[in-house]
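Working notes, beginning with the structure itself.
Count residues from 1 along the sequence.
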Amino acid sequence: MPKQLVTALGLIVSLGVIALGVFLVAMPLYFQAVGVDGQTATVASTNAIYQAQVDHLTEEEENLDEINAEVGELRSQIPATAQLDDVFEVVGRAAEASGVSLTAVTAGEQVLFTTRTGPIDAGAAAVAPAPAPEPTPSATEGATDTTTGATADAAASGGIAAAAGRQQVDFVISASATDLTQATAFLDALRAGPRLLNSITATTTQSGEGTFDVQITALTFMDAEG
């Protein structure tokens with residue numbers, strides 16, 4: 001056999017062995033490496049998402065006191081139970097701050113929450129066109145808390161036990177003011193809280209020279225489910 005032919009056959013066999021090694025060894029290793037790179041990229045992306053969540057939780061933890069304070073403020077506006085004493089306290093402080101004289105504060109029954117369809121609050125007290133009679137001697141200076149039936153006992157003992165879900169209690173507040181500015185200041189103080197009084201409507205009637213009778217209705221809320 002000629003030497004050139006032997007060399008050519010040896011070269012062909014060598015190339016075949018190399019090609020076989022590439023397809024049987026090198027190519028699987030390459031594709032495996034590519035797959036590992038893809039998995040690495042996926043893991044890196046997942047880790048980045050997890051790290052972002054951890055960073056967010058860490059930031060929230062740093063602001064935990066502020067968040068708890070905000071939750072506490074919201075809970076003071078709408079507590080889990082009626083706590084009607086809080087409402088009487090708000091009314092008393094509003095009367096003291098504005099200078100009006102309370103004549104009656106009456107709490108209604110605790111009922112299921114009703115979604116409102118009208119405006120939230122009346123803007124300010126309105127003067128009725130016809131003068132009302134002079135105040136009776138039974139009207140007293142300062143705050144006089146008046147409730148009816150079981151509501152009075154519940155208010156004195158710290159409030160009515162709330163049923164599941166959202167509830168509301170209506171309040172009727174009667175007061176005497178020396179002018180409309182004083183009556184408006186009383187309404188603003190009622191809205192200031194901290195206990196939420198909503199759906200506030202007010203009617204102010206001039207009952208005598210320098211005297212105005214203020215009649216206010218409002219709602220307070222509670223949410224046992226938070």
Side-chain angles (χ1 to χ4, degrees), residues 69-111 113-114 116 118-128 131-132 135-136 138-148 151-152 154-160 162 166-223:
E70 292 176 355
V71 172
E73 182 179 355
L74 292 175
R75 179 54 73 188
S76 69
Q77 295 179 3
I78 305 179
T81 57
Q83 299 180 18
L84 298 185
D85 284 349
D86 292 347
V87 180
F88 289 117
E89 185 176 350
V90 168
V91 175
R93 284 203 304 264
E96 182 179 359
S98 60
V100 304
S101 298
L102 290 175
T103 56
V105 182
T106 305
E109 296 294 329
Q110 181 174 329
V111 297
F113 171 77
T114 303
R116 299 193 70 255
I120 296 177
D121 287 331
V127 180
T136 61
S138 60
T140 59
E141 295 292 329
T144 303
D145 295 344
T146 306
T147 57
T148 58
T151 306
S157 62
I160 306 171
R166 290 175 289 178
Q167 308 280 311
Q168 66 184 35
V169 175
D170 64 290
F171 271 79
V172 178
I173 305 167
S174 301
S176 177
T178 57
D179 53 43
L180 292 181
T181 300
Q182 193 178 63
T184 302
F186 180 50
L187 290 174
D188 292 339
L190 288 176
R191 295 187 181 100
R195 180 66 180 268
L196 177 64
L197 285 174
N198 205 344
S199 306
I200 298 177
T201 58
T203 302
T204 302
T205 306
Q206 188 170 5
S207 57
E209 186 176 354
T211 304
F212 293 87
D213 290 335
V214 184
Q215 188 78 5
I216 299 171
T217 60
L219 292 175
T220 190
F221 306 98
M222 64 282 318
D223 188 352

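Between A94 and A189, the shortest heavy-atom contact is CB-CB, 3.4 Å. Pairing each heavy atom of F221 with each of N198, the nearest pair is CE1-CB, 3.4 Å. Q182 approaches S176 most closely through the heavy-atom pair OE1-O, 4.4 Å.
In this structure, CG in L84 is found 6.5 Å from CZ in R195, a value given to the nearest 0.5 Å. Rounding to the nearest 0.5 Å gives a distance of 9.5 Å between OG1 of T106 and CG of D170.
The side chain to side chain contact (heavy atoms under 4.5 Å, CB included) test with V169 is passed by exactly one of L219, T220, V111: T220. Each of L187, T103, L102, V214 was compared with I173 under the side chain to side chain contact (heavy atoms under 4.5 Å, CB included) criterion, and only L102 meets it.
The ring-ring contact (aromatic ring centres under 6.0 Å, His included) pairs that include a residue from residues 166-208 are F88-F171, where partners are two or more places apart or lie in different chains. Residue pairs meeting the salt bridge (charged side-chain N to carboxylate O under 4.0 Å, His left out) criterion with at least one member in residues 173-184, sequence neighbours excluded, do not occur.
With sequence neighbours excluded, no residue forms a salt bridge (charged side-chain N to carboxylate O under 4.0 Å, His left out) with E96. With sequence neighbours left out, the side chain to side chain donor-acceptor pair (under 3.5 Å) criterion links T217 to T201. Every residue two or more places apart in sequence or in another chain that forms a side chain to side chain donor-acceptor pair (under 3.5 Å) with S174 is listed here: Q215.
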